[in-house]
There are 4 protein chains.
Amino acid sequence: MVRRILDAGQEVLAEAGYEGASTSRIAAAAGISPGSLYRYFPHKDAIVSAVLTRFSDRLVSRVTARMTGQFEQPAPVLVRATLTALLDGLDVEPPLLRTAVEQGPALDGGRTLLAFEERVGDLVRAYLTTQRGRLRADAPLDTAVWLLVRTVEHMTVRYLLDRPPLDRDEFIDELTHLVLSHLRPGPADPGRP
Amino acid sequence: MVRRILDAGQEVLAEAGYEGASTSRIAAAAGISPGSLYRYFPHKDAIVSAVLTRFSDRLVSRVTARMTGQFEQPAPVLVRATLTALLDGLDVEPPLLRTAVEQGPALDGGRTLLAFEERVGDLVRAYLTTQRGRLRADAPLDTAVWLLVRTVEHMTVRYLLDRPPLDRDEFIDELTHLVLSHLRPGPADPGRP
Amino acid sequence: MVRRILDAGQEVLAEAGYEGASTSRIAAAAGISPGSLYRYFPHKDAIVSAVLTRFSDRLVSRVTARMTGQFEQPAPVLVRATLTALLDGLDVEPPLLRTAVEQGPALDGGRTLLAFEERVGDLVRAYLTTQRGRLRADAPLDTAVWLLVRTVEHMTVRYLLDRPPLDRDEFIDELTHLVLSHLRPGPADPGRP
Amino acid sequence: MVRRILDAGQEVLAEAGYEGASTSRIAAAAGISPGSLYRYFPHKDAIVSAVLTRFSDRLVSRVTARMTGQFEQPAPVLVRATLTALLDGLDVEPPLLRTAVEQGPALDGGRTLLAFEERVGDLVRAYLTTQRGRLRADAPLDTAVWLLVRTVEHMTVRYLLDRPPLDRDEFIDELTHLVLSHLRPGPADPGRP
DNA sequence: AATGAATGAGGGTTCATTCAT
DNA sequence: AATGAATGAACCCTCATTCAT
């Protein structure tokens, strides 16, 4: 039942966006009465929140499932594989992704989104720690993780939502390069005065 | 008059967010009657759109003004200066920035935002074209511009809105490094099979 | 307009009681749209409150108007005249009286009702003070006023609402006697052990 | 079972008032399901009614129990004792009393309340009949009973609910005096023209 | 041009009541 | 007998938009 409501909520959210997702519409999509929603959720936003959380959880599962056992791979291969998995995971239902991206930050102070990013960040940090020797020595780990996680997340989403005239492989090549070249040892010149 | 409405709209949007920005509140802030709004704008969202467009325009002016004549500088210095200018420009009114980021994409299909990014992209592409010799040879220019512009934009905004425990200079260092290392010639290994 | 709403509110309250007085019904009775109510009152209960307050104010005016210049009369005549005025004043619209009595105490913590009783009590106390010599010496003035005002008020209302098989004059005779004999000097025996 | 429901209803009515007494809350307090209420009562108001009736019955029992064998006492002592018993009986659960007084009249056309008053009136009338010789000769018995019963009832309730700055004994003294002086033989002057 | 009162559809939510299990 | 999930009408209230003045 909760599931039916979440499915309905997801459907309506994808079709009509947050503004168009009225409780009566969600109820209708779930084939139940408006009042029944309130047996399972305390208020409308709890439904929306749950839909987005489920979306985020599924994404994380999907990506981590694809990544298990890949940590031995050379960095470029691993990064590519991760990005590909992420892209595939996000591409499941683009209209919902749009709503998630637009309403996520406004919904609960962005807590759902931040939690997601935190989880991903922890994974990445763990991995990078094992690669210490191969990274630029001056890299502030936390900062780099913060930056790269959000960059990759955002750009993947943008690629899917904006549909730029850009081949999927090209996009992944470029994003992979961005990540790797940022971490690779090399001449640093921040241009500070 | 239009200006007074935009000022009022901006004020209310910053104070109360999109949800809290009712037409009557905007009208009151502008010192006019609700009905009068409709002499200047066809509907509420047109006002919001205009506010955000003006915000974007001002940002572009502010940044380009700061950049004029800087093109001769070494790349690292130029990138740093640009990022700094952007960060300063976005930091003028964070509450409005929040609303802009949250509502912008949902508003008119994100047209305002896309236009902004297009304009910045054009500038960047023009500059990079003059630097051809110094860039990685394999760089697909359009793709790199698309990627970097959105990355820089998004990360700057996130830095301002999420207020991570991260020094402003550190942040700019890291973002500068991201940009430069992506463009710099160097070993490429996209990790393709 | 406020008046039209109050008239409508009064009508609906009289016809349907508090439970049946929905905002849409009041609006319909006033010939306006539901939303318009909220231009003049912050919420439904403010309308109900205002209706009852107006009812109470009118009652006080009506009674005091009838009493002006009567203070020279002998006490029995004065009391009779007051009770008669009160009875007439309350009898203007019995269905509304019923709602007022039933909902008054529950509405704003009974503030409207208490205020009414306070005002009447002040008048009575003022009068009795001029009659000191003629009253039982042991009478605790405040207590007697508190008791008599509420008794007279309640019994008058009950007479009108319950319609006992009791002649109007008989009722007034009896209530007058109750009041006068309570105040008159005479043997006191509280029956205390 | 009916008893459990009534207990629960009373508890909820006392705690939350009529508005706050939802059927599900009552059911929960009774430890049963909402649906089961309808096996024992035809609808919600029947429960409330029954709670109030039981309250009234208990009150009558309590008072009559305290009065048995007291009829030989001198009138002042008897009246005092009666008022005291009534006051004590009503003071058992003031929050419930409040609900009873506020909702009673609105509930079933006030039938519960009227029945209560009728019963008490019968007792009083019976007693007064035995006292005929000691009362004012002109007293219309039914009228006096009607008046005094409701007056005493109402003022006792008001004393408990409004908590005026008035000693319990003072209050009883005054109310006793009101009753006795109304019945006592004495000069009558209804102030009729 | 400007007003601002009026609109009215629609919002989220509650809860007495029913009925398949 | 008992359940409790489901109902759905009705609740109060909001606000973008209109239009007579």
### Donor-acceptor pair between D:S36 and D:S33 side chains, under 3.5 angstrom
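There is such a pair between these side chains.
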### Message
Is a donor from one side chain sitting under 3.5 angstrom from an acceptor on the other, for B:E102 and A:Q103?
### Response
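No, no side-chain donor-acceptor pair sits under 3.5 Å.
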Between atom [atom1] in [X] and atom [atom2] in [N], what is the gap in whole Å?
X: C:I26; N: F:dC11; atom1: CD1; atom2: C1'; result: 12 Å
X: D:R39; N: E:dT17; atom1: CZ; atom2: C1'; result: 14 Å
X: A:F41; N: E:dG12; atom1: CZ; atom2: P; result: 15 Å
X: C:L37; N: F:dC12; atom1: CG; atom2: C1'; result: 10 Å
X: A:K44; N: E:dG11; atom1: NZ; atom2: C1'; result: 8 Å
X: C:I5; N: E:dA5; atom1: CD1; atom2: P; result: 12 Å
X: A:Y38; N: F:dA9; atom1: OH; atom2: P; result: 17 Å
X: D:E19; N: F:dC12; atom1: CD; atom2: P; result: 11 Å

### Query
Does NZ or CZ of B:K44 come closer than 6.0 Å to the centre of the six-membered ring of B:Y18, within 45° of the ring's axis?
yes
OP1 or OP2 of [N] versus the side-chain N and O atoms of [X]: is any pair under 4.0 Å?
X: A:T23; N: E:dG12; result: yes
X: D:S33; N: F:dT3; result: yes
X: A:S36; N: F:dA5; result: no

### Any strand: nucleotide that pairs with E:dA1 via Watson-Crick or wobble, under 3.5 Å
none
### Task
Write down the partner of F:dT17 under the Watson-Crick or G-U wobble criteria, each distance required to be under 3.5 Å.
E:dA6
### Message
If you assign B:G31 and A:P42 each to the DNA chain E nucleotide with the nearest heavy atom, which residue ends up on the more 5' nucleotide?
### Response
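Of the two residues, B:G31 wins.
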### Query
For DNA chain F, whose closest nucleotide is more 5', that of D:M1 or that of C:G20?
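Nearer the 5' end of the strand: D:M1.
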### Query
Does A:P34 or B:H43 map to a spot on DNA chain F nearer the 5' end, using the closest nucleotide for each?
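The residue closer to the strand's 5' end, by nearest nucleotide, is A:P34.
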#### Entry: Salt-bridge present (D:R25, D:E11; N to O < 4.0 Å)
no
### Query
Using a cut-off of 4.0 Å on non-hydrogen atoms, how would the nucleic acid contact of A:S22 be classed: base, sugar-phosphate, or nothing?
sugar-phosphate
### Query
NA contact type, B:I32, heavy-atom cut-off 4.0 Å: base, sugar-phosphate, or nothing?
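Sugar-phosphate contact only - B:I32 comes under 4.0 Å of backbone atoms but never of a base.
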### Query
Out of curiosity, B:T23 OG1 to B:Y38 OH, how far, rounded to the nearest 0.5 Å?
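Going from the OG1 atom of B:T23 to the OH atom of B:Y38 covers 4.5 Å.
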